[in-house]
Protein chains: 2
Amino acid sequence: MRRSEIRDHLLETALRLFNQHGYHATGVDLIIAEAGVAKTTLYRHFETKEDLILAALERRDEEDRNAMRAFVEQHASDLVERLLVTFDFLETTFRDKQFRGCIFVSAAGEHKDTVNAVFRAAVMHKRLVIAYFEELAHAARFAEPKRIATEINLLHEGAMAVAQMTRIAEPARQAKRMAGQLLAAEERSPSAPGEDAGRRTQAS
Amino acid sequence: MRRSEIRDHLLETALRLFNQHGYHATGVDLIIAEAGVAKTTLYRHFETKEDLILAALERRDEEDRNAMRAFVEQHASDLVERLLVTFDFLETTFRDKQFRGCIFVSAAGEHKDTVNAVFRAAVMHKRLVIAYFEELAHAARFAEPKRIATEINLLHEGAMAVAQMTRIAEPARQAKRMAGQLLAAEERSPSAPGEDAGRRTQAS
DNA sequence: GCAAAACGATACAGATCGGTATACTTCTTT
DNA sequence: AAAGAAGTATACCGATCTGTATCGTTTTGC
């Protein structure tokens, strides 16, 4: 393994173990054993365990949001559908046998103090996800994209919490149906000519 | 303090600390220090720390569901409103300065294995909450009370997850508005004469 | 090719973990 | 009032925690 790969390998190993057992329950001894590196190596790349957690969350934050963007682009139909397709992405994450709940919610749940760096990193991820939803809602010409974004986010969070307990993918589909029904009643400004060609007719 | 009160006092102290710091981060030494009892006393009442966690969750499960039932009874208007009033109850819990997220979700997040006793206790709580929602949905004569119950629950979970991060009460109101909009579109069987007198007219 | 940096392996420090043992005191019950 | 149960206080157990020190080996960059 090349030197530059070790840091990535450590982050991936740590993320897998944090997801599997949680943050406090995952000791650095287990991480280095699973990663196959010496303890000195870990502490050369990360000052403390908290630094490792923060780096892991940052990495996963980018991965997750990039994956969702890519999924939406690939499955994009009309602009309203894009918001609903995010629930299909959610469903794919639930179908992963390794899914054990949102790692950012778990991170905030194990580091409950609002001034804690891990808690703030989790909050930052959620803010960026909501910003993406707002971007989609704005593109779909909803009258109140900020409100729409937080509603979609609330449904995402609900689906993840339910799926964490039940370990089934159905909550993603249920949340999608609920979102579809709510969005159908929302006001949208008229689309410009040639844009948003395939959108469904809204009862406005 | 009378003998019989010690167990209750221990459970209350443990619940407070679990809510404040999480389960793994709360050691038994801290619990006994805060409760002001000797270690021997704790281990006379509970065989292990896990037993203490399980007893604390059971206690909180009953407390929470009884409190919700009482709140709904007290604020009951018509039968549909009862489902929406559960979100007002949720809002009161969010307004508590000590709110740091649902302790059952946190418990499941720190004990992610589905065969773990703590995980199962958390799941059991959620099942009982959903059963209560179904009871309300059935009384309100919704055509599909089971589906309605899981939808209400998904909105509750979403609101709790968002409130855990933002530490504001608004998600409860937002979830209530979403629930109201969804329920307004649901089919209900006609009410028997004299029953459900104050219900709003539905567009059925 | 050589110096510097990074690596692995191991041992260890100091704190904390859950849980037990012991000895003495206080309460409760009959 | 006596006895047994339950309380306090303290010391301790072995395991595990995060993090550091040491030292010999390998890899990298110039």
### DNA chain C contacts among residues 43-59 of chain B, heavy-atom distance under 4.0 Å
B:Y43, B:T48, B:K49
For [X] and [N], what is the distance between atoms [atom1] and [atom2] respectively, to the nearest whole Å?
{"X": "A:I32", "N": "C:dA9", "atom1": "CD1", "atom2": "C1'", "value": "10 Å"}
{"X": "B:H9", "N": "D:dG7", "atom1": "NE2", "atom2": "C1'", "value": "14 Å"}
{"X": "B:L42", "N": "D:dA6", "atom1": "CG", "atom2": "P", "value": "15 Å"}
{"X": "B:R7", "N": "D:dG7", "atom1": "CZ", "atom2": "P", "value": "12 Å"}
{"X": "B:L30", "N": "C:dG19", "atom1": "CG", "atom2": "P", "value": "15 Å"}
{"X": "A:I31", "N": "D:dC17", "atom1": "CD1", "atom2": "C1'", "value": "12 Å"}
{"X": "B:D29", "N": "D:dC13", "atom1": "CG", "atom2": "P", "value": "16 Å"}
{"X": "A:I6", "N": "D:dT26", "atom1": "CD1", "atom2": "P", "value": "15 Å"}

Taking NZ, NE, NH1 and NH2 as the nitrogens, is one of them in [X] or [Y] under 4.0 Å from a carboxylate oxygen of the other?
{"X": "A:R177", "Y": "B:E151", "value": "no"}
{"X": "A:D113", "Y": "B:R100", "value": "no"}
{"X": "A:E91", "Y": "A:K176", "value": "no"}

### Message
If you go through the side-chain atoms of B:T40, does one of them form a donor-acceptor pair with the base of D:dA9 closer than 3.5 Å?
### Response
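For B:T40, whose side chain was compared with the base of D:dA9, there is a donor-acceptor pair (under 3.5 Å).
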#### Entry: Derivation and outcome, side chain to side chain contact (heavy atoms under 4.5 Å, CB included), residues A:T86 and A:L136
CA-CA 10 Å; A:T86 62; A:L136 291 179; 4.0 Å; yes
### Query
Would a line drawn from the ring center of A:H9 to the ring center of A:H45 be shorter than 6.0 Å?
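So the answer is no for these two rings.
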### Message
I'd like to know whether the aromatic ring centres of B:H156 and B:F133 sit less than 6.0 Å apart in this structure.
### Response
yes
### Query
Got a sec: does the CD of A:E73 have more than 12 other heavy atoms crowding it under 6.0 Å?
yes
### Message
Counting only side-chain heavy atoms from C-beta out, which of D:dA9, C:dC7, C:dG19 sits nearest to B:K39?
### Response
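Selected nucleotide: C:dG19.
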### Task
Tell me whether the OP1 or OP2 atom of C:dG8 has a side-chain N or O from A:T41 closer than 4.0 Å.
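Yes, because at least one side-chain N or O of A:T41 sits under 4.0 Å from OP1 or OP2 of C:dG8.
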